[in-house]
Amino acid sequence: MVAGDDDGWGEDPDTVVLDRGRADAFARGRAKRPDDYAVLVPFRSRRRGSGDDLAGGDDPGLEPGEDLDRRELAELERRYRERAGRDATAASRLGLLLLRRGDAEAETWLRRAAESGHRGAATNLGVLMHREDRVDEARRWWLRAAEAGSRIAAFSLGALLLDGAPEDAGPHESEDVGQALYWLRNAAEAGHVRAALVLGEFHEQRGQAGAERWYRRAAEAGHPEAAYRLGRTGQERGDERAAAAWFLRAASCGHIRAAVRLAQLLQRAGDLPEAESWFRLAAEEGDAAAARALGFLRQDGGDVDGAAHWWRRAAEDGDGTAANALGALLAAEGRAAEAAHWYERAAATGESNGAFNLGLLHASREDDAEAERWYRMAAYAGHAEAANALAGLLLARDDEEEAEVWFARASEAGSIDGAYNLGILYARRPTAEGAAAAERCWARACESGHPDAALQFGMILERRGAAEAAVRAYRVAAAAGRTVGAVRLAALLAQLGDAAGAEDWYAAAADAGHVPAMLRCGVLLARRGAEGSAARRFRAAADAGSVAGAWNLGLVHLRRGDPKGAEPWLRAAAEHGHGRAAMRLVVLALKRSDVAAAERWCGPVIAYGPPELAARAERLLHALRAEMAS
């Protein structure tokens, strides 16, 4: 990087920007490189033959070494040496040329020019002193150049003073901090872009007002890091529109972190093609997080090979999440050995999902010892589901004491399965304390949507008489497809007078194959006159072997005036011990004067019917036999 305000050229913003989104230039805790503060003030020599290269000092010629061969540089050096003894500019340029090629003689000529009042030479001499760790001399020469009007020296001096001040020192607590801020403001107000950035960082790190103003000044001058900081500020206060504009500005200058944040904003806004293009740009520049995100976008788009490609790139750069995702993809394809490799890579980065998935992989092979090892690794790292899985293994080998510990940890870490399972352990204890602890676990899991915990919690509430609360719990279970929850919910709703709700949930359970729900749904339908729908529900129950279903279906046919249609279903019920169905068959036989059939069906009525019905059948049987005997 070069900047040339001291020799008559304006400072091009492109010469002072940071690199493409890497570490902050003046972040605390990083060792400073010499060129973090100042860069060499260049001279712009004309090509030989275009005139006197020392004249004027504001020619737009080339920098030393730019399109110049050795012979031309040697000629420049000769000419500078001829004039350096009497011309400070020539001495400065000679010193710079020697400094660029690492010649120790550079100090002699830079010092001579600086002592003659050449501010560019003083600035470059300060750079040389700082590179040689002669900090006090660097500070002295930068002060001299800054007082002479060099904004580069002012920036370098301010940055040096700020870096040497205690980290927690405020502007009123340290003379150096005050001086640093003075020179940085001096440089920034003169147009030094990095000075504005450093001032913004200083105010941001201390939570002081003013950071945004300095970042804006640097960003508007073309500094991508400053634009990124402004985008981040906008994002923090919820102004995603402004954030996106600044991130776009920074990303367009090659700022990788800005490109990633811009892509994330676009992804949330649903502009996936544009988000993908920015993720791709950052990923191709080596950003592992962008490669990982791009992999997920490719997976969502159905491009499995593309997802694998980007996850592999991110994983090879040490991204544990990408390694785990790649492992999961390979496992789904049945490539268990390769999956295990990437899961291990993920686990090695501290990605607990990788260790957990390795545990699942070994558990699927019935290798409980290895499964336990990986579950433990993930569980100790705070992985809630790994803790639950580990507890399950321990419980399977009757180590209930340690299983309880891990179920508790899983529950505390947010595993609703862990909370449910812990409740089961507590419920096994025949004590009031155990029952209360189980209820607390199931209540917590129910609130998080665990259907089985909701069912258990609902039954506790129903037994307690808290019908409305039980309804809420049963709804959680029923909505998740728990048939028993749907049946219990329907029954409670019927008790509370919500016949329509009861019918809906009985129907849901019936559709799931629950035979008692088919019957109850049929009864509700029949009561409101929907006999056709009721008949379909009873028929489904009868086909599933329900005696009550056959009986009710027979009744529907009778109410429709269809004794012929009713008889097969009444017979099916009677043959399986339904006394009332047998009595209806007796009546149907008598109506058609089939005394033998009537006599035959009296037997099941007497055997299986309610006492009053059995007594009537017995009297009828005697009368039929007497009539037949006469």
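In this chain, residues are counted from 1 in sequence order. These numbers were taken from a predicted model, which means no experiment stands behind them. All heavy atoms count here, side chains included; hydrogens, waters and symmetry mates do not.
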Peer 1: Keeping the roles fixed (side chain from D498, backbone from A494), state whether a donor-acceptor pair exists under 3.5 Å.
Peer 2: no

Peer 1: With a 4.5 Å limit on heavy-atom distance, are the side chains of T349 and D319 in contact?
Peer 2: no

Peer 1: Between R528 and E503, does any side-chain N to carboxylate O distance fall below 4.0 Å?
Peer 2: yes

Peer 1: Looking at T233 and R229, would you say the former's side chain and the latter's main chain have a donor-acceptor pair under 3.5 Å?
Peer 2: yes

Peer 1: Determine whether more than 12 heavy atoms belonging to other residues, nucleotides or ligands lie under 6.0 Å from atom CZ of R527.
Peer 2: no

Peer 1: Going through the checks in order, is the salt bridge (charged side-chain N to carboxylate O under 4.0 Å, His left out) test met by E439 and R464?
Peer 2: CA-CA 12 Å; E439 182 178 342; R464 191 178 292 157; 2.6 Å; yes

Peer 1: Would the number of heavy atoms belonging to other residues, nucleotides or ligands and lying under 6.0 Å from CZ of R268 be above 12?
Peer 2: yes

Peer 1: If we only count heavy atoms from C-beta on, is the Y228 to F247 side-chain gap below 4.5 Å?
Peer 2: yes

Peer 1: Counting C-beta onward and ignoring hydrogens, is there a side-chain heavy-atom pair between L570 and L558 closer than 4.5 Å?
Peer 2: yes

Peer 1: Tell me whether F296 at atom CZ has more than 12 heavy atoms from other residues, nucleotides or ligands lying less than 6.0 Å away.
Peer 2: yes

Peer 1: Under 4.5 Å between any side-chain heavy atoms of R472 and E468, yes or no?
Peer 2: yes

Peer 1: Are N324 and T321 close enough that some pair of their side-chain heavy atoms sits under 4.5 Å apart?
Peer 2: no

Peer 1: Salt bridge or not between R429 and E404? Use side-chain N to carboxylate O under 4.0 Å.
Peer 2: yes

Peer 1: Is the ring centre of W505 less than 6.0 Å from the ring centre of Y474?
Peer 2: no

Peer 1: Main chain of N353, side chain of N357: is a donor-acceptor contact present, judged purely on distance under 3.5 Å?
Peer 2: yes

Peer 1: Does a sphere of radius 6.0 Å around CZ in R584 hold more than 12 heavy atoms from other residues, nucleotides or ligands, not counting ones at 6.0 Å or beyond?
Peer 2: no

Peer 1: Considering residues, nucleotides and ligands other than R616, do more than 12 of their heavy atoms fall under 6.0 Å from its CZ?
Peer 2: no

Peer 1: Assess whether a salt bridge exists between R428 and E400, defined as any Lys/Arg side-chain N lying under 4.0 Å from an Asp/Glu carboxylate O.
Peer 2: yes

Peer 1: Tell me whether D543 is salt-bridged to R539, with the criterion being a basic N under 4.0 Å from an acidic carboxylate O.
Peer 2: yes

Peer 1: Are any side-chain N or O atoms of E333 and backbone N or O atoms of R335, one a donor and one an acceptor, separated by less than 3.5 Å?
Peer 2: no

Peer 1: Check for a donor-acceptor pair, side chain of S277 on one end and backbone N or O of E274 on the other, with a separation under 3.5 Å.
Peer 2: yes

Peer 1: State whether the side chain of W442 and the backbone N or O of Y420 hold a donor-acceptor pair below 3.5 Å, judged by distance alone.
Peer 2: yes

Peer 1: State, with a plain yes or no, whether a side-chain heavy atom of L555 is found less than 4.5 Å away from one of F538.
Peer 2: no

Peer 1: What I'd like to find out is whether the side chain of W310 reaches to under 4.5 Å of the side chain of R292, using heavy atoms alone.
Peer 2: no

Peer 1: Please indicate whether R580 has more than 12 foreign heavy atoms, meaning atoms of other residues, nucleotides or ligands, lying under 6.0 Å from its CZ.
Peer 2: no

Peer 1: Strictly below 4.0 Å, N to O, side chains only: are E370 and R365 in salt-bridge contact?
Peer 2: no

Peer 1: For E236, is the CD atom crowded, meaning more than 12 foreign heavy atoms sit under 6.0 Å from it?
Peer 2: yes

Peer 1: Looking at A572, is its backbone amide N or carbonyl O close enough to the side chain of H576 to form a donor-acceptor pair, meaning the two atoms are under 3.5 Å apart?
Peer 2: yes

Peer 1: Please determine whether the number of non-hydrogen atoms from other residues, nucleotides or ligands lying under 6.0 Å from atom CD of E401 exceeds 12.
Peer 2: no

Peer 1: Does R373 pair with D368 as a salt bridge, N-O distance under 4.0 Å?
Peer 2: no

Peer 1: Are the side chains of R440 and Y426 in touch, meaning some heavy atoms are under 4.5 Å apart?
Peer 2: no

Peer 1: Sub-3.5 Å donor-acceptor pair from the side chain of R313 to the main-chain atoms of A283, do we have one?
Peer 2: yes

Peer 1: Would R376 and E402 pass as an ion pair if we require N to O under 4.0 Å?
Peer 2: yes

Peer 1: Is the positively charged end of R409 above the ring of W406, judged by distance under 6.0 angstrom from the centroid and angle within 45° of the axis?
Peer 2: yes

